[in-house]
Amino acid sequence: GTQDWRNLTAFRDTMNLTREAVQVARRPPADSAQLRTARVAHLVAMSQYEQALTNSRLPIPQGLHQQVRLLRRLLA
């Protein structure tokens with residue numbers, strides 16, 4: 001219902017904000033600890049959005065799936 005769409009929108013918005021935080025953290029002078037923290041937050045947000053899409057029986061965009069896999073490898 002409407003609440004599901006609000007939740008999806010909120011998760012997507014959070015994911016976009018955390019992506020911006022990663023971009024900011026990458027700018028000089030980059031701090032590796034801050035960058036890692038930003039990347040972890042972005043991975044959590046992307047994973048939550050993926051789960052919300054799955055719960056709503058919606059497809060997960062291929063690009064999102066690839067970004068999650070890449071970031072998981074990067075943070076391992």
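Every residue two or more places apart in sequence or in another chain that forms a side-chain contact (heavy atoms from CB on, under 4.5 Å) with Leu35 is listed here: Val22, Ala25, Arg26, Arg39.
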Can you give me every donor-acceptor pair (side chain of residues 54-65, partner residue at least two apart or in another chain, under 3.5 Å) with its distance?
unit_1: Thr54; atom_1: OG1; unit_2: Glu50; atom_2: O; d: 3.0
unit_1: Asn55; atom_1: OD1; unit_2: Gln51; atom_2: NE2; d: 2.9
unit_1: Asn55; atom_1: ND2; unit_2: Gln51; atom_2: O; d: 3.4
unit_1: Ser56; atom_1: OG; unit_2: Ala52; atom_2: O; d: 3.1

Would you mind writing out the side-chain donor-acceptor pairs for residues 13-21 within the sub-3.5 Å range, not counting sequence neighbours?
unit_1: Thr14; atom_1: OG1; unit_2: Ala10; atom_2: O; d: 3.0
unit_1: Asn16; atom_1: OD1; unit_2: Arg19; atom_2: NH1; d: 2.9
unit_1: Asn16; atom_1: ND2; unit_2: Arg12; atom_2: O; d: 3.4
unit_1: Thr18; atom_1: OG1; unit_2: Thr14; atom_2: O; d: 3.3
unit_1: Thr18; atom_1: OG1; unit_2: Met15; atom_2: O; d: 2.9
unit_1: Thr18; atom_1: OG1; unit_2: His42; atom_2: ND1; d: 2.8

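When hydrophobic residues (I, L, V, M, F, W, Y) are linked wherever their side-chain heavy atoms come within less than 4.5 Å, Val24 remains an isolated member.
Screening residues 67-76 for side chain to side chain donor-acceptor pair (under 3.5 Å), with sequence neighbours left out, gives Ser47-Arg72.
Here Tyr49 contributes atom OH and Asn7 contributes atom CG; the two are 12.0 Å apart, rounded to the nearest 0.5 Å.
When the side chains of ILVMFWY residues are joined at heavy-atom separations under 4.5 Å, either directly or via intervening members, Leu75 and Leu70 end up in two distinct hydrophobic clusters.
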